[in-house]
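Computed from a predicted structure; not experimentally measured.
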Amino acid sequence: MSNLVLMTLLLMVMALAYQLGLTRSKRVAVTTNGTGFRMHSRPTYHGMLVAFWAVVPAAAIFAVWSLAQPGIINALVLAQLPPEFQPTTDTEQRILLRRLANLASGFGLTEEAADYELAAAAYLNQLHGIGRTLMTALMAAVAATALVLAWRRIEPHLRARNQMESIIRWLLIICSTVAILTTVGIVLSMLGEAFRFFTFVNPLDFFFGTTWNPRFSTVGTDGQTGFGMLPLLWGTLMIALIALAVAIPVGLMAAIYMAEYAPSKVRSTAKPIIEVLAGIPTIVYGFFALITVGPFLNQLGASFGLEIRTTSALTAGVVMGIMIIPFISSLSDDIITQVPKAMRDGSLGLGATKSETIRKVVLPAALPGIVGAILLAASRAIGETMIVVLAAGNSPVLTANPFEAVSTMTVTIVNQLTGDLDFASPQSLVAFALGLTLFVITLLLNVVALVIVRKYREQYE
Amino acid sequence: MTPSDSEQTKTQQPDLMDLAQKRDLMQQRVAASLKRRHASEKRFRLYGMAAVTVALSFVAILFITILSKGLPAFWQATLTLDVYFDPEIIEIDEKPVRQPGESDGAFQQRMLAWQTDLGFVNFNRIILNSLAEVLPEAPRYQRDAMRLVTSGERFGLRQLVEDNPAIVGQTLRLKLLADANVDVWLKGNIDRSLPDSQQQLSARTRAWADELAERGIIRNQFSTALFMNADSRSSLASAGLAGAFMGSLMMMLIVMFLAVPVGVASAIYLEEFAPKNRLTDLIEVNINNLAAVPSIVFGLLGASVFILWFKLPLSAPIVGGLVLSLMTLPTVIIATRSTLKAIPPSIRQAALGIGASKVQSVFHHVLPLAIPGILTGSILGVAQALGEAAPLLLIGMSSFVASVPGSPFDQSTALPVQIYLWQGNELRNFFEARTSAAIIVLLALMISLNALAIWLRRHFETRW
Amino acid sequence: MNTMQVSFGEKKDNAAQAEHAVKMSARDVKVFYGDNEALHGINMDILENEVIAFIGPSGCGKSTFLRCLNRMNDTIDTARVTGLVTLDGKDIYDRSLDVVQLRAQVGMVFQKPNPFPKSIFENIAYGPRLHGLVDNKRDLDEVVESSLRRAGLWDEVKDRLEAPGTGLSGGQQQRLCIARAIAVSPEVILMDEPCSALDPIATSIIEELIDELKGSYTIAIVTHNMQQAARVSDKTAFFHLGNLVELNDTREIFTNPQDSRTEDYITGRFG
């Protein structure tokens, strides 16, 4: 019986349970009609309650069973294997299990299967069958029992609606803890792995080291060198600064023009078009940097006698700047339009020109909000990955020259965690230490930015 | 500024003559400043216009670059050949038919044996023979001739036979994709004056390609390979997006069925039910921050939690879907909350006023009104997840996968990751265009999703 | 007819004032918001160094007309003004006339006090700096002090000139705004319901201030409050539904209105 069938059956049970609950509550309602009692809840709530009890425990069994079964079965099958065929490494074991699964499902193998494999596959199939049957039986029993119990509880005093509503409320609460669990998960997993990393490498060496060259160190518990984060942090900051240098003037002036000067037609077309920039996947920007912006800057540099690498901090920074223009322009636009008209009138009434009003009254008033917008954009730039993976050149050296290739924290995370995933080596674990640092930096930027923006909003509300 | 007594008396009884003089002086000064100030006004306005123009032209350049590079890749050099399915080459038995009473395994076994037989058939020979029909010299220079057709086509022929063994002995007019290098050569994407040593194709193959193009046998035709095939490394001309598309589709479905319901439910709780206390404040701050956590951090979370702890398979859409769901969750929550916020309290009060419970007022009255907004926010969240590549790299989705995944637990890649993989291919001349084409497909999907969201908003959203 | 307790202050004494020259005049001024005509051809003369009050029910166009006098309506995209408005005989809507210069001559004080989010000193210094009226810090200090003195605010703020202007009380803020307007030595000051957001004590201080400024400045004040109009103004103009119904000496308007609508309004039958 496939999962799909099982799910369908469960749905059918749900519908049936609902109907049963509904009918019984209606009947109870009829019999109590003359006696002066009134049903506390509408029949639909009784139906829903019965349906809930009939399905949810069974579904929970299904979920737990499905998660646990493969591991148990695999362990049993492996235990059955003759000792000489026992896989010795993880990889071998994975390959063997895959072969067995293929054999068992009838897809077959490309070459002849060994006898012990056929036997194991048959055993696997048998276990699968038993597991399935047991699970289905258990589910059926639980569903039936719960259904009957819930059904028999139906009587006029039963507060079915209240019970159903508190069930709903609890479901909602559970859902809203997912977001918290995610944060907790991020923090715990990164802290855990980062601590493992720091058992290999001294945190001081990591945070203040100036060489990044983890490949050439030997794997061992001591003498780990080349894990200095500073070149990466500097690369990250340099690219983010270049990005801001591109995005702040363009984004801010565009926001000012749209908020203060542009006729409403221009505004209503240009604004969404500029916002398109925020929706384009960053991998596309990376590609764009690689094939258009990089070569363009390279040639531009050549015509001034400068050597600009095609993949460099400048290339990545410029393209990232393009990407964050809408973050700055949209938020600044909102903030500038929130500055009260009275403020503008006051200045214009004194004979200030429009630009004087903007520069001397509107912008200073909007400054906190704009700073918040810039910080948000900066945090976006620092955490951005794909553009720098493609366009920054991946060269983790400390250089002040933006025309050179650099590397960033995000690039390094990708480099260290793609390919072989050996979570025991500091070469992989360092990704989590970097990720933790990145998380903390962006978190701080965001908290500060959100506080500033919120303060600003309150000021004019 | 210590006020002197004399000044005080002066301001108390303003001298009218003095004031008039002062005004004249002031007016002169104002007049003198006007030219400079208007020039600066003009300049400032110009900067603004320039900034908008620059931003708009970035959008334009981006799209023009991608379109101009990518559109030609949808048309590929294709040979139209008469292919004779020679029974002497295709020496195989009848395709097995399931006997009554035969067990599943036994039939599979026989089918497998037949397929293995078919696998031994030299379909290259068949292609060579059909090439010989148009190029009599071809059999003498097999290697050069076979470089004309992309190597994947022999599997295409095998599939044709497998699907319908009756074609053996027949001659079919088929369209075969030319090799990627032939495509590059004919499209002029490689410098034709380069010496032989730097050319990917031999001089003879190049001459033949030109000749066949001249004779109309190789033509640039719209190719479905990009949409129908999975990625390939051996037959570059037929590498396609089908695998990546399927992977992305599965992940989008997971996001839709996980992030959207959970996000909407938590938004409803926070907005409608939650008491205002420390805990809900914390949740609120937490969600706002989660929305700004770099996507790669979610990838790290996925790698350590789903892969390291839960031992879920690497490169599987299920892991990708889970990671992207967590990433999209805050977007959905924030969008739903702002929709719920916009619904006037009078509606809730009206429902409560006629005796509905809190839950009833929310689910019967508030939620139906919020659905368009929730849908819009959810679609935008899904679109955002569709374009995300960084976290997927960390859960192994950047590995090469040559098949279309059949379930969320199979190895797979995703559209943005496929773009990442293709842009790094060594055959830049061919893959620059193909990557752009993949980007066009991705952008088209995202734009459709966004357009859908905008349409929903325009048609259903009520402004209060 | 209900009699109102209206005090005319000392204006009774100088009823026989010297003839004033015409400072501003309006001829057939119409204002459109989009297609909607908000003012239907206003004709008015405003005399130099006089206080004129515009009264009328809300939406009658009195504020709109006030904003025509220094072209503040320009800041509203949909607004369009036709007709002739002159300052010292020059058409202020003429192309050759610079709106910056006009507004330096015709200052404005708004309904809600709107100090800039800057220090008290910077608020006053804003206009002089903008127009390049002072050459050095000493002159600037002097302008700031004299403007604040004139607005009667100096003694209250002289010790905290660097404090933010938004930290002052409502009445002080409004006087700050008046001082800010005075700092550029305008000839005309337009006041758009300057006391509507203030408490009675702050209001009376502002009214005294207006009385003091009269004589040096031509003042046009829009007010909701008829007693205020009676207290501070020499002339009163009554607007109704976009028309100027009646313009006369304030005492005449309040004691002997010519038009029945004026009479109905000042006796409180509508408004």
Determine whether more than 12 heavy atoms belonging to other residues, nucleotides or ligands lie under 6.0 Å from atom OH of B:Y47.
no
Approximate separation, where rounding is to 0.5 Å, of A:R169 CZ and B:Y269 OH
7.5 Å
Least distance between heavy atoms, A:G383 atom then B:I296 atom
O-CG2, 4.3 Å
Give the member of B:I419, B:T65, B:T280 that has the highest number of heavy-atom pairs under 4.5 Å with chain A.
B:T65
Best-contacting candidate, A:I325, A:I273, A:N162, A:L181, against chain B by heavy atom pairs under 4.5 angstrom:
A:I273
Considering only heavy atoms and a distance below 4.5 Å, find which of B:N288, B:V305, B:I283 pairs most often with chain A.
B:I283
Check A:E356 against B:E41 and note the closest heavy-atom contact, atom names and distance.
N-OE1, 4.4 Å
Answer yes or no: are there more than 12 heavy-atom neighbours, outside B:F409 itself, under 6.0 Å from its atom CZ?
no
Can you find a heavy atom in the side chain of A:M190 that is under 4.5 Å from one in the side chain of B:V297?
yes
Taking the side chain as everything from C-beta on, heavy atoms only, tell me whether A:V284 gets closer than 4.5 Å to B:P416.
no
What is the minimum heavy-atom distance between A:T385 and B:A390, and which atoms define it?
CB-CB, 3.5 Å
Can you tell which part of A:E193 gets under 4.5 Å to a heavy atom of chain B, answering side chain, backbone, both or neither?
side chain
Tell me, side chain or backbone of B:L442 under 4.5 Å from chain A's heavy atoms, or both, or neither?
side chain
For chain A, which of B:E432, B:K358, B:Q384 has the most heavy-atom pairs under 4.5 Å?
B:E432
Can you find a heavy atom in the side chain of B:F58 that is under 4.5 Å from one in the side chain of A:I274?
no
Between B:Q360 and chain A, with a heavy-atom cut-off of 4.5 Å, which part of the residue counts as in contact: side chain, backbone, both or neither?
both
In terms of heavy-atom pairs under 4.5 Å with chain A, which of B:L56, B:I287, B:V54 leads?
B:L56
Check whether any side-chain heavy atom of A:Y285 lies under 4.5 Å from a side-chain heavy atom of B:L62, and answer yes or no.
yes
Shorter than 4.5 Å, heavy atoms on both sides: which option in B:F310, B:F298, B:F363, B:Y420 has the most such pairs with chain A?
B:Y420
Go through the atoms of A:L376 and report whether side chain, backbone, both or neither lie under 4.5 Å from a heavy atom of chain B.
neither
Look up atom CD in B:Q423 and atom CG in A:L290, then write down how far apart they are to the nearest 0.5 Å.
5.5 Å
In Å and rounded to the nearest 0.5 Å, what is the CG to OG1 distance from B:N286 to A:T183?
3.0 Å
Of the backbone (N, CA, C, O) and the side chain (C-beta and beyond), which part of A:I168 lies under 4.5 Å from a heavy atom of chain B, both, or neither?
side chain
Structural part of B:L393 lying under 4.5 Å from a heavy atom of chain A
both
What do you reckon, is CZ of B:F273 surrounded by more than 12 foreign heavy atoms closer than 6.0 Å?
yes
Taking the side chain as every heavy atom from C-beta outward, state whether B:S266 and A:V178 have any atom pair closer than 4.5 Å.
no
Any B:W422 side-chain heavy atom under 4.5 Å of A:F287 side chain:
no
Check step by step if side chain to side chain contact (heavy atoms under 4.5 Å, CB included) holds for B:E388 and A:M386.
CA-CA 9 Å; B:E388 198 57 67; A:M386 294 318 289; 5.6 Å; no
Under 4.5 Å to a heavy atom of chain A? For B:R43 that would be neither
What are the two closest non-hydrogen atoms of A:T442 and B:P294, and how far apart are they?
OG1-CD, 3.4 Å
Does A:T182 reach the side chain of B:L301, with side-chain heavy atoms less than 4.5 Å apart?
yes
Nearest heavy atoms of A:P281 and B:M446, plus distance in Å
CG-SD, 3.2 Å
Could you grab the distance from atom CD1 of B:I268 to atom SG of A:C175, nearest 0.5 Å is fine?
9.0 Å
With a 6.0 Å cut-off (strictly less than), is the heavy-atom count around CE of B:M49, excluding the residue itself, greater than 12?
no
Audit row: A:L172, B:E272, side chain to side chain contact (heavy atoms under 4.5 Å, CB included) steps and yes/no
CA-CA 10 Å; A:L172 294 180; B:E272 303 285 343; over 6 Å; no
To the nearest 0.5 angstrom, please state how far the CG atom of B:L290 sits from the CD1 atom of A:I180.
10.0 Å
Heavy-atom closest contact (A:R359 atom, B:S40 atom, distance):
NH2-OG, 3.2 Å
If I take atom OG1 from residue A:T353 and atom NZ from residue B:K42, how far apart are they, to the nearest 0.5 angstrom?
12.5 Å
If you count heavy-atom pairs under 4.5 Å between each of B:S304, B:A389, B:S399 and chain A, which one has the most?
B:S304
A:F439 and B:L300, any side-chain heavy atoms less than 4.5 Å apart:
no
